[in-house]
Protein chains: 2
Amino acid sequence: MTEKTIPVGCTEDPAAEHDHEAILRLVRRELPTDELLCDLADLFKLFGDTTRMKILFALMESEMCVCAIADLLGMTQSAISHQLRILKDANLVGNRREGKTIYYFLSDDHVRTIVAQGFDHLIEDYTENGERKEEP
Amino acid sequence: MTEKTIPVGCTEDPAAEHDHEAILRLVRRELPTDELLCDLADLFKLFGDTTRMKILFALMESEMCVCAIADLLGMTQSAISHQLRILKDANLVGNRREGKTIYYFLSDDHVRTIVAQGFDHLIEDYTENGERKEEP
DNA sequence: CATTCATATGTTTGTCTGTTCATATGATAG
DNA sequence: CTATCATATGAACAGACAAACATATGAATG
């Protein structure tokens with residue numbers, strides 16, 4: 001019984017009554033590679049932080065220098081700089097130098113479309129459920 | 001100098017030469033509320049995990065029971081169940097009972113559009129930079 | 001060339017979160 | 001009503017990560 005250490009919860013026996021073989025074959029055929037799925041999750045992870053989201057929204061209005069963003073969000077220049085580096089490594093933002101100050105800007109319109117998509121989902125949730133979900 | 005403990009990096013003096021007041025006013029006016037920005041980040045956070053991303057892709061093909069997903073991803077039933085709960089709390093998936101087994105499905109087409117948007121961005125990155133960025 | 005301003009970076013710390021293990025619920029069959 | 005299958009849940013542990021702090025780079029100005 002403990003010979004293969006397969007997770008509990010579902011019958012290990014291939015010939016069990018509860019059979020998902022058909023569906024598994026179908027889904028396995030259509031599922032993208034692990035690498036792509038990972039990259040995709042990593043992309044969305046960038047949008048999954050409040051600070052970065054704020055930065056992106058700010059840059060949608062105008063290019064900004066680091067200390068302006070820090071001022072806007074009421075956060076350390078260091079914190080903003082770290083986040084900007086992450087966004088830049090992912091090619092979501094670019095920067096240009098002008099004397100001492102460095103201006104950051106959105107490098108892509110994908111950012112706008114991706115964020116807009118999530119925005120729509122949220123708004124629909126808000127209107128569907130009155131104000132906020134699970135309330136008496 | 002240390003009277004207000006304002007982060008270093010940018011001049012604290014409101015009348016400093018490096019002036020972002022104009023831009024700050026503009027951006028502050030257009031920036032959504034903190035609550036909305038948080039909710040938006042929380043939404044994207046859901047897509048920011050490989051396991052959840054795989055589950056969502058699988059459910060795009062067909063509704064599936066928990067143990068089928070666990071089998072597909074080679075993971076514990078418990079792990080899958082925990083993630084499904086998170087997705088269900090966010091109304092991204094729903095479930096229905098059929099005897100002992102419980103089938104999960106996408107509750108929304110938003111999931112498809114959101115994921116597709118990220119997908120497009122990735123694909124474009126892939127083709128733009130040959131195969132993968134930063135290589136000799 | 002020394003100083004100052006704007007930004008970047010390395011390190012540390014505290015928090016969040018995904019997985020595992022053990023156990024509980026809930027439904028069906030005998 | 002007991003045993004078993006499918007799933008859910010609670011607690012604990014480990015890894016990831018964002019913010020803070022201190023410090024380094026790099027440009028401009030006198």
Side-chain angles (χ1 to χ4, degrees), chain A residues 1-2 5-13 15-20 38 41-42 44-55 63-71 73-90 93 95-104, chain B residues 1-2 5-13 15-20 38 41-42 44-55 63-71 73-90 93 95-104:
Chain A
M1 192 209 266
T2 58
T5 332
I6 289 183
V8 295
C10 193
T11 321
E12 302 103 62
D13 185 7
E17 60 269 282
H18 183 200
D19 185 25
H20 352 88
C38 265
D42 284 343
F44 282 114
K45 213 170 290 180
L46 296 170
F47 298 92
D49 175 77
T50 309
T51 300
R52 285 192 293 267
M53 185 60 75
K54 287 176 183 174
I55 293 177
E63 65 170 13
M64 295 178 80
C65 63
V66 180
C67 62
I69 301 175
D71 196 353
L73 304 189
M75 292 178 63
T76 308
Q77 171 267 328
S78 174
I80 302 301
S81 195
H82 276 293
Q83 296 305 332
L84 283 171
R85 172 151 175 68
I86 292 174
L87 292 174
K88 188 162 185 300
D89 283 349
V93 306
N95 60 12
R96 85 189 158 79
R97 166 156 247 146
E98 191 177 312
K100 288 185 252 180
T101 87
I102 295 182
Y103 290 93
Y104 281 82
Chain B
M1 194 209 267
T2 58
T5 332
I6 289 183
V8 296
C10 194
T11 320
E12 302 102 65
D13 187 7
E17 59 270 282
H18 182 199
D19 185 25
H20 353 88
C38 265
D42 284 343
F44 283 115
K45 215 171 287 182
L46 296 170
F47 298 92
D49 174 77
T50 309
T51 301
R52 285 193 294 267
M53 185 60 75
K54 286 176 183 174
I55 293 177
E63 66 170 13
M64 294 179 80
C65 63
V66 180
C67 63
I69 300 175
D71 196 353
L73 303 189
M75 293 177 63
T76 308
Q77 171 267 329
S78 175
I80 302 300
S81 194
H82 278 293
Q83 296 304 333
L84 283 171
R85 173 151 177 64
I86 293 174
L87 293 174
K88 188 163 185 297
D89 284 349
V93 306
N95 60 11
R96 84 189 159 78
R97 166 154 246 146
E98 191 177 311
K100 287 184 254 180
T101 88
I102 296 182
Y103 290 93
Y104 280 83

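In what follows, chains are A, B, ... by sequence order, proteins preceding strands, each numbered from 1.
Residues B:Asn95 and A:Glu98 both approach DNA chain D. Their nearest nucleotides, taken by heavy-atom distance, put B:Asn95 toward the 5′ side. Comparing A:Asp49 and A:Lys100 by the nucleotide of DNA chain D whose heavy atom lies nearest to each, the residue mapping closer to the 5' end is A:Asp49.
Distance A:Leu73 CG to D:dA18 P: 15 Å, rounded to the nearest Å. Rounded to whole Å, the distance from CD1 on A:Ile80 to P on D:dA20 is 9 Å. For the pair B:Tyr103 OH and D:dA6 C1', the interatomic distance rounds to 11 Å; values are reported in whole Å. We find that CG of B:Asp89 is positioned 12 Å from C1' of D:dA8, with the value rounded to whole Å. C:dG18 atom P lies 13 Å from atom CG of A:Asp42, rounded to whole Å. Distance, B:Arg96 CZ to D:dA6 C1': 14 Å, rounded to whole Å. A straight line from CD1 of A:Ile55 to P of C:dT7 spans 13 Å, rounded to a whole angstrom. When rounded to the nearest whole Å, the span between CG of B:Leu87 and C1' of C:dG18 equals 13 Å.
Between A:Gln83 and A:Ile86, some side-chain heavy-atom pair lies under the 4.5 Å cut-off. Contact check for A:Leu46 versus A:Asp42: no side-chain heavy atoms found under the 4.5 Å cut-off. Between A:Ser78 and A:His82 the shortest side-chain heavy-atom distance falls below 4.5 Å. Between B:Val66 and B:Asn95, every side-chain heavy-atom pair lies at or beyond the 4.5 Å cut-off.
Qualifying ring-ring contact (aromatic ring centres under 6.0 Å, His included) partners for B:Tyr104, counting only residues two or more places apart in sequence or in other chains: none.
The side chain of B:Arg52 lies closest to C:dG18, out of C:dT19, D:dA8, C:dG18.
To the nearest 0.5 Å, atom CG of residue B:Asp89 and atom CG of residue B:Leu84 are 11.0 Å apart. Taking CD1 from B:Ile69 and CD from B:Glu63, the interatomic distance works out to 10.5 Å, rounded to the nearest 0.5 Å.
Between A:Phe47 and B:Phe44, the two ring planes are tilted [angle within 30° to 60°].
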Table of protein N/O atoms under 3.5 Å from nucleotides 12-16 of chain C N/O atoms:
none

Nucleotide N/O to protein N/O under 3.5 Å, stretch nucleotides 9-13 of chain D:
residue : atom : partner : partner atom : Å
D:dT9   : O4   : B:Ser78 : OG           : 2.8
D:dG10  : O6   : B:His82 : NE2          : 3.0

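Here A:Arg97 does not reach the OP1 or OP2 of C:dT7: none of its side-chain N or O atoms lies under 4.0 Å away. Between A:Gln83 and D:dA19 there is a side-chain polar atom (N or O) within less than 4.0 angstrom of OP1 or OP2. The side chain of B:Tyr104 contributes an N or O atom lying less than 4.0 Å from OP1 or OP2 of D:dA8. Between B:Thr76 and C:dT19 there is no side-chain N or O to OP1 or OP2 distance below 4.0 Å.
The backbone N or O of B:Lys45 sits less than 3.5 Å from a side-chain atom of B:Arg52, completing a donor-acceptor pair. B:Arg97 places a side-chain N or O within 3.5 Å of a backbone atom of B:Gly99 that can act as its donor or acceptor partner.
Nucleic acid contact for A:Ile69: none, since no nucleic acid atom lies under 4.0 Å from a heavy atom of the residue.
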